[in-house]
**Student:** 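Provided herewith is a single structure, encoded as structure tokens, for subsequent inquiry.
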Amino acid sequence: QVQLVESGGGLVQAGGSLRLSCAASGRTSSRYGMGWFRQAPGKEREFAAAISWSGVTTYYADSVKGRFTVSRDNAKNTVYLQMNSLKPEDTAVYYCAAGAFSGWTYFSSRYSGGQWYDYWGQGTQVTVSS
């Protein structure tokens, strides 16, 4: 089992920045690909960003590309999502997720699908005011 706890959410004005953290505990010895997803009120959950176990490869949704940066510190069992140039449409609950993908091929083809992740955090609210 892996427990994930997000933090760093809050209220920010449009154009501002926030950095989300996702701390993992429990069975962290396994190699997990990590993803960030978000869900706005009345909308379905959507993919935002993902990062491979090594941290070498990252993926982003078109809506956040160039503004968000995902990174990880495996020594601290923590994944980060740096969010810059925030827009009101970025308002959502942000969730981190861990997936025990069976190798690179699986991760590279499934990173954006929430159904492929095994563990989820409780979420952190991000509100961007105009």
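Here the structure is a predicted model, which is why all the values come from computation and not from measurement. The residues of the chain are indexed from 1 along the displayed sequence.
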**Student:** Same hydrophobic cluster for Tyr106 and Tyr59, using side-chain heavy-atom links shorter than 4.5 Å among ILVMFWY?
**Tutor:**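 The answer is yes; both residues are in one hydrophobic cluster.
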**Student:** Just by modelled atom types, is the Gln122 backbone N or O under 3.5 Å from a matching donor or acceptor in the Glu6 side chain?
**Tutor:** yes
**Student:** Could you walk me through whether Tyr32 and Tyr119 satisfy the side-chain contact (heavy atoms from CB on, under 4.5 Å) test, starting with their C-alpha distance in whole Å, then the side-chain angles of each, then the deciding distance to 0.1 Å, before giving a yes or no?
**Tutor:** CA-CA 10 Å; Tyr32 294 100; Tyr119 304 102; 3.8 Å; yes
**Student:** Are any side-chain N or O atoms of Gln39 and backbone N or O atoms of Ala92, one a donor and one an acceptor, separated by less than 3.5 Å?
**Tutor:**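 Looks like no, no N/O pair under 3.5 Å.
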**Student:** Under a 4.5 Å side-chain heavy-atom rule over Ile, Leu, Val, Met, Phe, Trp and Tyr, are Tyr80 and Phe37 clustered together?
**Tutor:**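 In one cluster: no.
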**Student:** Could you tell me which non-hydrogen atom of Lys65 sits nearest to which non-hydrogen atom of Asp62, and how far apart they are?
**Tutor:**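 Smallest interatomic distance, heavy atoms only, reads NZ-OD1, 3.3 Å.
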**Student:** Please list all pairs passing the ring-ring contact (aromatic ring centres under 6.0 Å, His included) test where one or both residues lie in residues 81-101, with sequence neighbours left out.
**Tutor:** Phe101-Phe107, Phe101-Tyr117
**Student:** With distance as the sole test, does Thr124 use its side chain to make a donor-acceptor pair with the main-chain N or O of Gly9 at under 3.5 Å?
**Tutor:** yes
**Student:** Arg27 side chain to Gln1 main-chain N or O, any donor-acceptor pair under 3.5 Å?
**Tutor:**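 Looks like no, no N/O pair under 3.5 Å.
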**Student:** To the nearest 0.5 Å, how far apart are OG in Ser54 and CZ in Arg31?
**Tutor:** 8.5 Å
**Student:** As an exercise, state the distance from OG of Ser85 to CZ of Arg67, rounded to the nearest 0.5 Å.
**Tutor:** 7.0 Å
**Student:** Could you name each residue pair satisfying salt bridge (charged side-chain N to carboxylate O under 4.0 Å, His left out) that touches residues 91-110, not counting sequence neighbours?
**Tutor:**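 Pairs touching residues 91-110 that pass the test: none.
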**Student:** For residues 44-51, tabulate all N or O donor-acceptor pairs below 3.5 Å that involve a side-chain atom, not counting sequence neighbours.
**Tutor:**
| unit_1 | atom_1 | unit_2 | atom_2 | d |
| --- | --- | --- | --- | --- |
| Glu46 | OE2 | Arg38 | NE | 2.6 |
| Glu46 | OE2 | Arg38 | NH2 | 3.1 |

**Student:** Check for a donor-acceptor pair, side chain of Asp90 on one end and backbone N or O of Val128 on the other, with a separation under 3.5 Å.
**Tutor:** no
**Student:** Please set out all donor-acceptor pairs under 3.5 angstrom arising from side-chain atoms of residues 15-23, sequence neighbours excluded.
**Tutor:**
| unit_1 | atom_1 | unit_2 | atom_2 | d |
| --- | --- | --- | --- | --- |
| Ser17 | OG | Asn84 | OD1 | 2.9 |

**Student:** ring-ring contact (aromatic ring centres under 6.0 Å, His included) with Trp116: which residues, sequence neighbours excluded?
**Tutor:** none
**Student:** To the nearest 0.5 angstrom, please state how far the NZ atom of Lys43 sits from the OG1 atom of Thr91.
**Tutor:** 10.0 Å
**Student:** Looking only at atom types and distance, does a side-chain atom of Tyr60 sit under 3.5 Å from a main-chain N or O of Val70, one as donor and one as acceptor?
**Tutor:** yes
**Student:** Drop me the distance from Gln13's CD to Thr127's OG1, to the nearest 0.5 angstrom.
**Tutor:**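 Here the interatomic distance stands at 13.0 Å.
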**Student:** Which heavy-atom pair separates Ala14 from Pro88 by the least distance, and what is that distance?
**Tutor:**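 Looks like CB-CD, 4.1 Å.
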**Student:** Taking all heavy atoms of Ala98 and all of Leu4, pick out the closest pair and write down the distance.
**Tutor:**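 Answer, listing the atom of Ala98 first, then Leu4: N-CD1, 3.7 Å.
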**Student:** Any side-chain to backbone donor/acceptor pair from Ser52 onto Thr57? Under 3.5 Å, distance only.
**Tutor:** yes
**Student:** Are the side chain of Asp118 and the backbone of Ala100 linked by a donor-acceptor contact shorter than 3.5 Å?
**Tutor:** yes
**Student:** If you look only at pairs with a residue in residues 38-74, which of them pass as a disulfide bond (SG atoms under 2.5 Å apart), with sequence neighbours excluded?
**Tutor:**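 Listed once each, the pairs would be none.
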